[in-house]
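Below is one structure, written out as structure tokens; comments come after it.
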Amino acid sequence: MREINEIVIHCSATDFGNAELFRNWHVNDNGWDDIGYHYVILNSYPEKKNIELRKPVFDNDGKIEIGRDISKPGAHVKNHNEDSIGICLVGNDTFSGKQFESLKCLISTLLSIYPNVVIKGHYEYDTAIIQGKTCPNIDMELLREKLKNKNS
């Protein structure tokens, strides 16, 4: 079993997507062996055509999909994959309440297994700063505070 010290929050930087689509991109475009994230939290737009046709899939909103097997290091933060879990919110800088509720539930579950992990945003890593990453485009101090407070 891997030692887990960090949970890293990401965004997809797309307005649509799901674990299958990201897996295809990561494997086919990047040559990776699997999707980079361990979990993907969906919005209402699984495919680009849903946006183009203005046909959201409301039942998808907030759904958590499994990405890479959690027993394997991810491919989501350069030099920080061995001891971390990557969670991707589908979206760029706008996320739904259902996505945040699912994120809170997922992190709560992960904290019950890995109680001493640190929760960070991708942009908080030195390698991301060098790359100019702003992902997940959320104030992480505020998010960490909200994750601690069960009533918010």
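Just so you know, these numbers use all the heavy atoms, side chains as well, and skip hydrogens, waters and symmetry mates.
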Between Asp83 and Arg2, is the closest basic N to carboxylate O distance under 4.0 Å? no

Closest approach of Asn18 to Glu65 (non-hydrogen atoms, all atoms of both residues): CB-OE1, 3.3 Å

Measure from NZ or CZ of Lys78 to the centre of the six-membered ring of Tyr125 and say whether it is under 6.0 Å with the direction within 45° of the ring axis. no

Indicate the ring-plane relationship of Phe22 and His26, choosing parallel, tilted or perpendicular according to the 30° and 60° boundaries. parallel

I need the minimum non-hydrogen distance between Met140 and Tyr123, along with the two atoms involved. N-OH, 3.2 Å

Please list every donor-acceptor pair under 3.5 Å in which a side-chain atom of residues 110-118 meets a protein atom from a residue at least two apart or in another chain.
unit_1: Ser112; atom_1: OG; unit_2: Thr109; atom_2: O; d: 2.5

Is Ile87 linked to Leu21 within one hydrophobic cluster, defined over Ile, Leu, Val, Met, Phe, Trp and Tyr using a side-chain heavy-atom separation of less than 4.5 Å? no

Could you name each residue pair satisfying salt bridge (charged side-chain N to carboxylate O under 4.0 Å, His left out) that touches residues 124-133, not counting sequence neighbours? Glu124-Arg144

Transitive ILVMFWY side-chain link Ile107 to Tyr39, under 4.5 Å: yes

Nearest heavy-atom neighbours spanning Cys88 and Ser12: SG-N, 3.5 Å

Heavy-atom donor-acceptor pair, Glu6 side chain to Lys120 backbone, under 3.5 Å: no

Using links of under 4.5 Å between side-chain heavy atoms of ILVMFWY residues, direct or through other members, which residues join Leu142 in one cluster? none

Could you measure the distance from the CG atom of Asn28 to the CZ atom of Arg23? Nearest 0.5 Å is fine. 11.5 Å

Does Gln99 offer a backbone N or O that forms a donor-acceptor pair with the side chain of Ser96 under 3.5 Å? yes

Minimum-distance pair of heavy atoms, taken over all atoms of Asp93 and Asn137: CB-CB, 3.9 Å

Rounded to the nearest 0.5 angstrom, the OG1-CD1 distance for Thr94 and Ile138 is 10.0 Å

Can you name the nearest heavy-atom pair linking Ile9 to Leu103, along with the distance? CD1-CD1, 3.8 Å

Do Ile64 and Ile66 land in one hydrophobic cluster if side-chain heavy atoms of ILVMFWY residues count as linked below 4.5 Å? yes

How would you list, by chain and number, every residue that makes a ring-ring contact (aromatic ring centres under 6.0 Å, His included) with His10, sequence neighbours excluded? Tyr37, His76, His122

Would you say Tyr45 and Asp15 make side-chain contact, with heavy atoms under 4.5 Å? no

Please tabulate, for side-chain N and O atoms in residues 48-59, each donor-acceptor pair with protein atoms closer than 3.5 Å (sequence neighbours left out).
unit_1: Asn50; atom_1: OD1; unit_2: Glu47; atom_2: N; d: 3.0
unit_1: Asn50; atom_1: ND2; unit_2: Lys55; atom_2: O; d: 3.1

Flag yes if Ile7 and Ile41 sit in one hydrophobic cluster, no otherwise; membership is Ile, Leu, Val, Met, Phe, Trp, Tyr, and two members link when side-chain heavy atoms are under 4.5 Å apart. yes

Holding to ring-ring contact (aromatic ring centres under 6.0 Å, His included), I want the full list of residues that pass it with Phe16, two or more places apart in sequence or in another chain. none

Between Asp61 and Ser44, which heavy-atom pair has the shortest distance, and what is it? CB-OG, 3.4 Å

